[in-house]
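For reference, the structure discussed in these notes is given below.
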Protein chains: 2
Amino acid sequence: MKWVKLMTNRVRRTMPLLPISIVMQLTELTARQIRYYEEHGLVSPARTEGNKRMFSLNDVDTLLEIKDYLDQGLNMAGIKKIYDLRETPANEKAEPKNLSDAELRRLLHEELKHQARPFEKGGFRQSDLSRFFN
Amino acid sequence: MKWVKLMTNRVRRTMPLLPISIVMQLTELTARQIRYYEEHGLVSPARTEGNKRMFSLNDVDTLLEIKDYLDQGLNMAGIKKIYDLRETPANEKAEPKNLSDAELRRLLHEELKHQARPFEKGGFRQSDLSRFFN
DNA sequence: ATTTTTGTGTTAGAAAACATAACATTGATT
DNA sequence: AATCAATGTTATGTTTTCTAACACAAAAAT
């Protein structure tokens, strides 16, 4: 079952869940800025069928970093270079990627359902999606 | 620092981040169903300035639970009752809830920042859940 | 000291997503 | 047969997001 863990970890951070409006709030960037950074390949949000950008938590992470770098005086080229260097294609392991939608949903659902609640035991008020933020 | 952790946990789970379309995919419920459950007070998503529903991770959890209960044959009344009973106003402790947006953002930022570096995000434009896993 | 480039603002017009509200349908309860 | 509960469907209006274009100030290059 290790692969499940890995997959869900990956899924957690890469799931495109957030519309640009939320990302704007989370990052304090304007839509213009976010799109501009995308234009330069620094983020690659998914798209809905209707072509709307949907961002993952990783994307938010990246955008916050970009913001930091800009604050530190770097320009696009510098930031690009940093990310290029960071890319270690060596340690990119191929992951099992041939699950049906239904299966993936079921896995997600399972995880959501049986989350150990830290404190209470009887009252599992919520199964906790917050792992998505880890 | 413990309370920070707790607090951020709470914040993370209650932050209204997700539009209804994403919640639909996550829960496999229709918009109609989700709105109907809201009508019955089972979830209370936040609203944007423009009146669009924004759901928290807790909301998703709740919706998944509702789905389970319905599958188990409960009806609205039953589910309502369950949530009513679950509400133990005794253990509702007042939580420190007076952080500025900037502070919250910084906390979130910190958490996101010191994470293991993710994967590549290639551009993709697919429908269904499969676009979550690339 | 000009000229060019960069990063961002602003605007316009179109399309997508979402809202409410009403009516329809289906299966269970009375 | 009539009612009710949960959901589907449709109509219509508003909000959000999109792309593309032009504007502009500050930095960089010439």
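Labels below follow one simple rule: chain letters A, B, ... track the order of the sequence lines, proteins then strands, and each chain is numbered from 1.
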Does the side chain of [X] get closer than 4.0 angstrom to OP1 or OP2 of [N] through an N or O atom?
X: B:R53; N: C:dC18; answer: no
X: B:T30; N: D:dG8; answer: yes
X: B:T48; N: D:dT15; answer: no
X: A:Y36; N: C:dT8; answer: no
X: A:R32; N: C:dT10; answer: no

Distance, rounded to the nearest Å, where [X] contributes [atom1] and [N] contributes [atom2]:
X: B:I34; N: D:dG8; atom1: CD1; atom2: P; value: 11 Å
X: B:I22; N: D:dT16; atom1: CD1; atom2: C1'; value: 15 Å
X: B:L42; N: D:dT7; atom1: CG; atom2: P; value: 11 Å
X: A:M54; N: D:dC18; atom1: CE; atom2: C1'; value: 14 Å
X: B:E38; N: D:dA6; atom1: CD; atom2: P; value: 16 Å
X: B:R35; N: C:dA19; atom1: CZ; atom2: P; value: 5 Å
X: B:Q25; N: C:dA17; atom1: CD; atom2: P; value: 10 Å
X: B:K52; N: C:dC18; atom1: NZ; atom2: P; value: 8 Å

Distance (rounded to the nearest 0.5 Å) between [X] [atom1] and [Y] [atom2]:
X: A:K67; Y: A:I79; atom1: NZ; atom2: CD1; result: 12.5 Å
X: A:M24; Y: A:L18; atom1: CE; atom2: CG; result: 13.5 Å
X: B:D61; Y: B:I66; atom1: CG; atom2: CD1; result: 11.0 Å

Checklist entry - 5'-most contact on DNA chain C: A:M76 or B:F55, nearest heavy atom basis? => result A:M76
Item to check | Residue A:S21, side-chain atoms from C-beta onward, closest of C:dA19, D:dC18, D:dT16 | outcome: D:dT16
Checklist outcome for this item: When B:E49 and B:Q33 are each assigned the nearest nucleotide of DNA chain D, the 5'-most assignment goes to B:Q33
Next on the checklist: Would you say that B:I22 contacts A:M15 through its side chain, given a criterion of any heavy-atom pair below 4.5 Å between the two side chains?
Outcome noted: no
Item to check | Within 6.0 Å of CD in B:E49, more than 12 heavy atoms from elsewhere | outcome: no
